[in-house]
S.K.: 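Here it is: the structure, laid out below.
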Amino acid sequence: MVGAFHGHAHNRRCQIDWHPLYIDGTGHTEGEGCEHIFSSSNELARGTRHASPFHRHQAIEQHFSFWDEDKYSALSTFLRNHYREAQTAVQTLTAELTALKGVLNLSDTDFLHFHEQERSYLDGLKELPPKDQVSIRYIQALDEVAEAEWNSAREAANRSLVEIHVGSFADMHVALNQARVRVDGSYSRLQNAEAMASHLEVQLGIDKRWEIGSDQYNHFRQETSLLNYRMALDNLERLVVMRLFELSKLSLSGTGKSVI
């Protein structure tokens, strides 16, 4: 089992098998008991950093001794409160789940089936077929060719020339240099994009270049968008977890506004 807090740093396929949410018997246990201990013991570093080995060991031993005594003395209250919370959660969530199953016409076996479907779907996404990977890269190359058209470079050069102040040779010289740099850069990008597109066409055995908007283009364009979406979603989840770690280190977790 991977702790609920660390589980979100793992990919979705790993979470389906090892996140506490999908393991029978875990309930609302987050599996981060060690993190609670570490969060408290981290405060020892400030006082023991420059202490002698004896006083460092003494401080650590006293800390965990008091930790054990405090937890033991509050154990009965802890169990009672969590038992009441569990009873309330079971009653509330059971009623909500029953209502949702009635509205959506679902049964308990459907949830298990959904879980298996998601596992099978993610197993199939581990790696795309090589030809599909090349096709997606080909779509990206076609987009680069479209963005690096010669007309766009010519328009950029014309805009630079139109902005020249009459009678100022220094401004004319600067504008001409800017236009030349833009044209050369656009032409270089166009050449590179054309070379990449031609190379991929040879690999895919394409005789006639796909037109933007064609059936083949739209199909793999959608695959490219889904791939970019998954990568962005994984990166967003990683950044959120990193942010939570930073807030936890600063003892500021739970102080921000909720984003819905």
S.K.: Does Leu200 share a hydrophobic cluster with Ile206, counting links as ILVMFWY side-chain heavy atoms below 4.5 Å and allowing steps through other members?
M.R.: yes
S.K.: Are Val134 and Met196 grouped together when hydrophobic residues (ILVMFWY) are joined by side-chain heavy atoms under 4.5 angstrom apart?
M.R.: yes
S.K.: So how far is it from Tyr229 OH to Leu236 CG, rounded to the nearest 0.5 Å?
M.R.: 9.5 Å
S.K.: Indicate the atoms forming the closest heavy-atom contact of Ser40 with His63, along with that distance.
M.R.: OG-CE1, 3.2 Å
S.K.: Any idea which heavy atoms bring Phe64 and Ser41 closest together, and the distance?
M.R.: CZ-CB, 3.9 Å
S.K.: Classify the ring geometry between Trp210 and Phe220 as parallel (under 30°), tilted (30 to 60°) or perpendicular (over 60°).
M.R.: parallel
S.K.: In terms of heavy-atom contacts, does CD of Gln222 have more than 12 from other residues, nucleotides or ligands at under 6.0 Å?
M.R.: no
S.K.: What I want to check is whether the side chains of Tyr217 and Asp143 have a donor and an acceptor closer together than 3.5 Å.
M.R.: yes
S.K.: Taking it one step at a time, do Met1 and Thr26 satisfy side-chain contact (heavy atoms from CB on, under 4.5 Å)?
M.R.: CA-CA 10 Å; Met1 182 182 72; Thr26 56; 3.9 Å; yes
S.K.: Could you note down all residue pairs passing salt bridge (charged side-chain N to carboxylate O under 4.0 Å, His left out) where residues 198-214 supplies at least one of them, sequence neighbours left out?
M.R.: Glu194-Arg209, Glu201-Arg209
S.K.: In terms of hydrophobic clustering (I, L, V, M, F, W, Y; side-chain heavy atoms under 4.5 Å; direct or indirect links), are Leu233 and Leu227 co-clustered?
M.R.: no
S.K.: In a table with atom names and distances, give each donor-acceptor pair under 3.5 Å that connects a side chain of residues 68-79 to protein atoms at least two apart or in another chain.
M.R.:
unit_1	atom_1	unit_2	atom_2	d
Ser73	OG	Glu69	O	3.2
Ser73	OG	Asp70	O	2.8

S.K.: Which distance, rounded to the nearest 0.5 Å, do you find between the OG of Ser52 and the CD of Gln58?
M.R.: 8.5 Å
S.K.: Spell out, yes or no, whether Leu21 and Val2 are grouped together once hydrophobic residues are joined by side-chain heavy atoms under 4.5 Å, including indirect joins.
M.R.: no
S.K.: Looking at CZ of Arg84 and CD of Gln87, how far apart are the two atoms once the value is rounded to the nearest 0.5 Å?
M.R.: 9.0 Å
S.K.: Membership question, hydrophobic clusters at under 4.5 Å side-chain separation (ILVMFWY): are Leu204 and Ile136 in the same one?
M.R.: yes
S.K.: Working to the nearest 0.5 Å, report the span between NE2 of His55 and NE2 of His50.
M.R.: 15.5 Å
S.K.: Decide yes or no on side-chain contact (heavy atoms from CB on, under 4.5 Å) for Ile139 and Glu223, but give the supporting numbers first.
M.R.: CA-CA 10 Å; Ile139 294 300; Glu223 291 293 331; over 6 Å; no
S.K.: What I want to check is whether the side chains of Glu61 and His57 have a donor and an acceptor closer together than 3.5 Å.
M.R.: no
S.K.: Using side-chain contact (heavy atoms from CB on, under 4.5 Å), reason through Arg137 and Gln133 one step at a time and then give a plain yes or no.
M.R.: CA-CA 6 Å; Arg137 183 64 187 92; Gln133 295 182 18; over 6 Å; no
S.K.: Could you tabulate the donor-acceptor pairs under 3.5 Å formed by side-chain atoms of residues 90-115, not counting sequence neighbours?
M.R.:
unit_1	atom_1	unit_2	atom_2	d
Thr92	OG1	Thr88	O	2.9
Thr94	OG1	Val90	O	2.4
Thr98	OG1	Thr94	O	2.7
Lys101	NZ	Asp108	OD1	2.8
Ser107	OG	Thr109	OG1	3.0
Ser107	OG	Asp110	OD2	3.3
Asp110	OD2	Ser107	N	2.8
His113	NE2	Gln117	NE2	3.2
His115	NE2	Ile16	O	3.3

S.K.: Roughly how far, to the nearest 0.5 Å, is OG of Ser198 from CD of Gln203?
M.R.: 12.0 Å
S.K.: Between CG of Leu44 and CZ of Arg49, what distance do you get to the nearest 0.5 Å?
M.R.: 14.5 Å
S.K.: Measure from the side-chain N and O atoms of Asn235 to the backbone N and O of Met231, and report whether any donor-acceptor pair falls under 3.5 Å.
M.R.: no
